[in-house]
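Quick notes on the structure that follows.
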Amino acid sequence: MSTTGATADPLAALGALPGVAESVESVRKAVDRVYGHRIMRRRSNAITSEAALRGARGSAALSGADWALEEVRRRTDFSADTEARVVGAALRLSAEAGQLLSIWRQSPLRVLARLHLVAAAGQDERVGRPRQAGEPVDEPLVELPLPDAQEVSGRLEGLADLIVAGTSAPALVTAAVVHGELLALRPFVSHNGLVARAAERIVLIGSGLDPKSVCPAEVGHAEQGRASYLAALDGYVSGTPEGVAAWVAHCGRAVELGVRESTAVCEALQRGAA
């Protein structure tokens with residue numbers, strides 16, 4: 001889906017699609033509930049840390065490294081094999097995302113480049129910049145047609161312009177579009193899924209919807225399953241109103257499932273404190 005067009009605020013226009021307002025309202029109520037939990041008033045830092053870990057695990061699972069949470073928690077070496085490197089990349093991105101909030105609204109392309117640099121953790125000249133013509137993309141789990149480098153450049157610039165200009169669109173809509181565009185474009189030679197989900201998290205935090213980062217959408221995306229995730233992405237890429245609305249709803253459900261995860265953490269901490 002192209003985010004450019006005649007509408008002054010095309011992201012806000014997406015909020016009028018059938019079913020989107022309902023998704024936005026459902027997410028807002030879910031987020032308000034977890035923020036109102038009594039444990040959040042005393043232990044919010046602990047909830048944030050746990051949400052970051054669980055979000056990283058979920059994002060890695062969608063990129064092919066579906067490890068048990070306790071394995072992610074106990075492991076210290078993330079260089080042994082491909083799956084370990086994916087988990088390590090997800091953990092680094094989860095830690096980095098909160099450091100980039102102040103830059104995102106002014107220079108989203110700079111943030112995306114930084115996210116890729118952090119995820120790839122390599123010295124390759126292709127790291128930290130959008131791919132160029134003829135460069136292959138290592139993203140085997142997303143099998144959509146790959147836009148060429150020129151289209152990638154134009155759509156990234158359009159997306160960045162929308163973010164810098166600001167939008168009246170709900171945070172969920174903006175986060176879903178950023179996530180969907182990055183998956184559709186796969187602008188980097190690797191780690192695009194991890195970067196897309198980290199960017200979604202940045203939008204949700206920076207927008208004020210989830211300022212303490214306790215609603216890990218990555219958990220919800222993983223819980224809904226890779227097949228559902230890719231089917232919803234197909235709808236987004238189709239550009240049809242129904243397809244885009246379904247993608248936003250999928251992202252909304254992911255946030256709600258992330259809320260449920262953190263609510264369970266709150267309840268466990270509360271039992272422990274009793």
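Excluded from the calculations below are hydrogen atoms, water molecules and symmetry mates; all remaining heavy atoms, backbone and side chain alike, are included.
Using modelled atom types, one side-chain atom of Thr48 and one backbone atom of Ser44 make a donor-acceptor pair closer than 3.5 Å. Panel note: side chain Ser49, backbone Asn45; a donor-acceptor pair is recorded below 3.5 Å.
Taking 4.0 Å as the cut-off between side-chain N and carboxylate O, Arg114 and Glu96 count as a salt-bridged pair. Between Glu151 and Arg155 there is a salt bridge, since a side-chain N of the basic residue sits under 4.0 Å from a carboxylate O of the acidic one.
Checked against Val178 for a side-chain contact (heavy atoms from CB on, under 4.5 Å), the options Leu162, Leu159, Leu183 give a single hit: Leu159.
Defined by atom type and a distance below 3.5 Å, a donor-acceptor pair is missing between the side-chain atoms of Ser59 and Arg201. Between the side chains of His116 and Ser190, a donor-acceptor pair is found at a separation under 3.5 Å.
Among residue pairs with one or both ends in residues 50-63, those qualifying as salt bridge (Lys or Arg N to Asp or Glu O under 4.0 Å) are Glu50-Arg54, Glu50-Arg73, Arg54-Glu261, Arg57-Asp66; sequence neighbours excluded.
In this structure the side chain of Glu22 never reaches within 4.5 angstrom of the side chain of Glu25, judged on heavy atoms. Side-chain contact between Val248 and Leu17: absent, with no pair of heavy atoms (C-beta onward) separated by less than 4.5 Å. In this structure, the side chains of Ile202 and Leu115 come closer than 4.5 Å at one or more pairs of heavy atoms.
Two different hydrophobic clusters hold Val34 and Leu53 under the rule that ILVMFWY side chains link at heavy-atom gaps under 4.5 Å.
Within the model, atoms CD of Glu256 and SG of Cys215 stand 10.5 Å from one another, a figure rounded to the nearest 0.5 Å.
In this pair, Tyr229 and His179 present their aromatic rings tilted. The plane angle is within the 30 to 60° band.
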